[in-house]
Amino acid sequence: MRDLASSLRWLSLNTATVREQWDLRAAIEGCVQHGIPGIAPWRDQVQALGAEEAGRLIRDAGLTVTGYCRGGLFTAPDDAGRRAAIDDNLRAVDEAAAIGAQCLIVLGGGLPAGSKDLAGARAQVRDGIAAILPHARAAGVALAIEPLHPMYATERCCINTLAEANDLCDALAPDDPILGVAVDVYHVHWDPKLAAEIARAGPRILAFHVCDWLAPTKHMLLDRGMMGDGLIDIPHIRGLVERTGYAGPIEVEIFSQDWWKREPDEVLRTIVERYRTVV
Ligand code: ZN
């Protein structure tokens, strides 16, 4: 396994982690100040600056864009809604290209309004990814399907296991690096098939996200823990991922009403310390 204690070179900040304190410009400066070489911005922040300007700022700061959050969310109750989602994803691909992102994170989307048909929603996701693949290929932007924890299946993302994400890759773009997966320890740590599915994903792993699972969890979305404060065996999962040959970024992504209240410099200092010691 890589020796994280000796180098920050693989560390990346997902800007959601400090989104309540810092806009993108401030997050870029914060990364530079704390020696964090990677950044993964969100669309609203990039759009606020314009993708060209955001890309210029990030490049001038010498940072690598490890991922762009986020595309997908393809599910909709009618054709017009699905078409609009696809069009929005085409724009997301263009923005990802403009900022030089290593991948665009793709979420499934939840149940369309009025529906209880999860299988149908999953088929919509498959069709949505298929629809944007040619544009992603032309733009050279890899798509990383990120399965979310099953507690989000109905409302946010109906792709819930790494097996499903791997199946989608097999079905839509086998042996093509334009389509891969994002492994987020928060979403997959519970999965009894995790080791096998990480091995199966192999070179398809485009992103590795870390945070921690707090017990008890007080909020489904906004109570993620700092690495080391919860119950996920992060080094074990990192070991599984690195055994596939993964040498890419380790992205810290924490949605937390607790950490959003803290001084952002304290948040980044803690991230650096935990990256060195417990990831
Ligand atoms: Zn994630």
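Each residue takes its place number in the sequence, starting with 1. Just so you know, ligand 1 is whichever comes first in the structure, and atom 1 is the first atom listed for that ligand.
- Classification of the Tyr246-Phe208 ring pair by plane angle, with boundaries at 30° and 60°, yields perpendicular.
- With no hydrogens or angles considered, a side-chain donor-acceptor pair links Gln45 and Thr15 at under 3.5 Å.
- Neither side chain, Gln102 nor Thr66, offers a donor N or O lying under 3.5 Å from an acceptor on the other.
- Around the Zn ion (ligand 1), protein N, O or S atoms at less than 2.8 Å comprise Glu146 OE2, Asp184 OD2, His209 ND1, Glu253 OE1.
- Taking the six-membered ring where the residue is Trp, His189 and Trp213 present tilted rings, their angle falling between 30° and 60°.
- The shortest distance between side-chain heavy atoms of Pro37 and Thr64 does not fall below 4.5 Å.
- With 3.5 Å as the limit, one finds a donor-acceptor pair spanning the side chains of Arg122 and Asn160.
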